[in-house]
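In what follows, chains are A, B, ... by sequence order, proteins preceding strands, each numbered from 1.
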Amino acid sequence: MTTALLDFLTALALAPLLPGVIARVKALFAGRQGPPLLQAYFDLCKLLRKSGVYSTATTWIFRAGPIVACASVVAALALTPAAGRTALISFPADFVLLAYLLACGRFFTVLAALDTGSSFEGMGASREVHYAALGEPALLLGLLALARQTGTMSLPSLLGRASPLAPEAALVGAALFIVLLCENARIPFDDPNTHLELTMIHEAMVLDHGGVDLALIHYGSWLKLWLWSALLAGVLMPVALKTIVTPVPLVGVTGVLAVALGIGVVESCIARLRLLRVPHLLATALALAAVAFILGVR
Amino acid sequence: MMDGVVDRLMVLLILSDVALLGMSRLGAVIGLAALQGALLGGLALSASGETSRAVLLAAVGLSVRGLLFPWLLRRTARRAGVQRDLEPFVGYALSLLIGIVMLGASMALGARLPLGRAGVSNLVVPAALFTMFTGVFLIVARRKALTQCVGYLVLENGIYGFGAASVGEIPLLVELGALLDLFVAVLVMGVAVYRITAEFDHMDTQRLDALRG
């Protein structure tokens, strides 16, 4: 329990490090120096000192959006085990709650975006929901395949026993990585560095937020990146490594940072997809998860 | 241990089918069909043991399926100047979803059909069935004559895998005859596709329907 609490607090404290790591890897590939590793913390401090500006056209939903979004990710993080360890809260089939907590956060972000009445944000909201509808089945099918393979139903034991040498887990890992890139608005799906471009998804929804609200939104999205990276690290970390190093603290952190490195490499190597091709890639993730599931059911 | 190897080969075969359903680039599609040939060569080897006859058959099969056919098809693609199968009858994302259904169906069928020999991984029959379904689907759902030709090859790959699973030792003469048939078929199809492109500047089979008259 204490290790789980420690992991949870580590995640809360270190999540803003991930965008820094990814930016550093990308800078390395591009031969630039890149922003400081702690840039996200600086941004957070800057935003927290500012007060929000609210349009008179918006209602309480606009103000509630960032809070609910961030809170639901924190709740989801409490369910997520760091590779091969226990989670703060766990019970059979807790991954369903995890998926729905993530969906709840997304729902309120989308509502807040629609509440502004801006057509631009409406477009972003529409895209976000469209892609989420394709990504969520892949996540659930993948976790179900792992549940079937390991014969357990709660996330910690499911991730703790998943062996990447089994074809199912490798397939689920690939599927989850694709969905991770989509859910966290990373490059083949969305470029987190572009602003005011017609193809952006996540950033388009938060254009009217500022100050503390924006800080909450950013912090929530970094936590979400941490959560997904921890899930993926749990699937892909070899069982031997999990059992040997489980007692050592910060193992989860290494796994998460390794995933962040992977994201940075992927972002440096490929360009963003055309918007129309995005559903195709998500369908690929769904197909991989489904193959893993069918192989497991056999 | 051997069973684990066959299992992994079959998982790769299933994945190559899924990739075939989701890819539009002709070069990649041809390469995947060749990869399937290599995987089936591995299956034949591990299914019938490493006798010199089996090694010879696998080597011949591999060189025809994995090297000769891709070379012929690539040459045709290059001469016809096509790179992608754009606008297929069934879109690529939908193809993938249909593929999942086909995989489920072949798993269910494979579990009911008592065809697999004892001692062979129970994944071989479903994987072979899925490969056959994929081949037929490619022939039906794609527009370009060359992709349909690849679909025919994939179908044949599935049949071959099916044979390896249910019979094991295929007689040498039958195997060589089948390969020769295939070779002639691919050669003729290649020539036909080339002629179609030379004559009509495209290889869209849909538009060939309107030629009667």
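- Heavy atoms of A:Leu171 lying under 4.5 Å from chain B belong exclusively to its side chain.
- Each of B:Leu96, B:Leu15, B:Ile100 was checked for a side-chain contact (heavy atoms from CB on, under 4.5 Å) with A:Leu288, and the lone residue meeting it is B:Leu15.
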Which donor-acceptor pairs lie under 3.5 Å between chain B and chain A?
unit_1: B:Arg8; atom_1: NH2; unit_2: A:Leu165; atom_2: O; d: 2.9
unit_1: B:Gly22; atom_1: O; unit_2: A:His280; atom_2: NE2; d: 2.9
unit_1: B:Asn122; atom_1: OD1; unit_2: A:Arg298; atom_2: NH1; d: 2.7

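- Residues passing the salt bridge (charged side-chain N to carboxylate O under 4.0 Å, His left out) test with B:Arg142, sequence neighbours excluded: none.
- Proximity of A:Ile294 to B:Ile14: side-chain heavy atoms (C-beta onward) are nowhere separated by under 4.5 Å.
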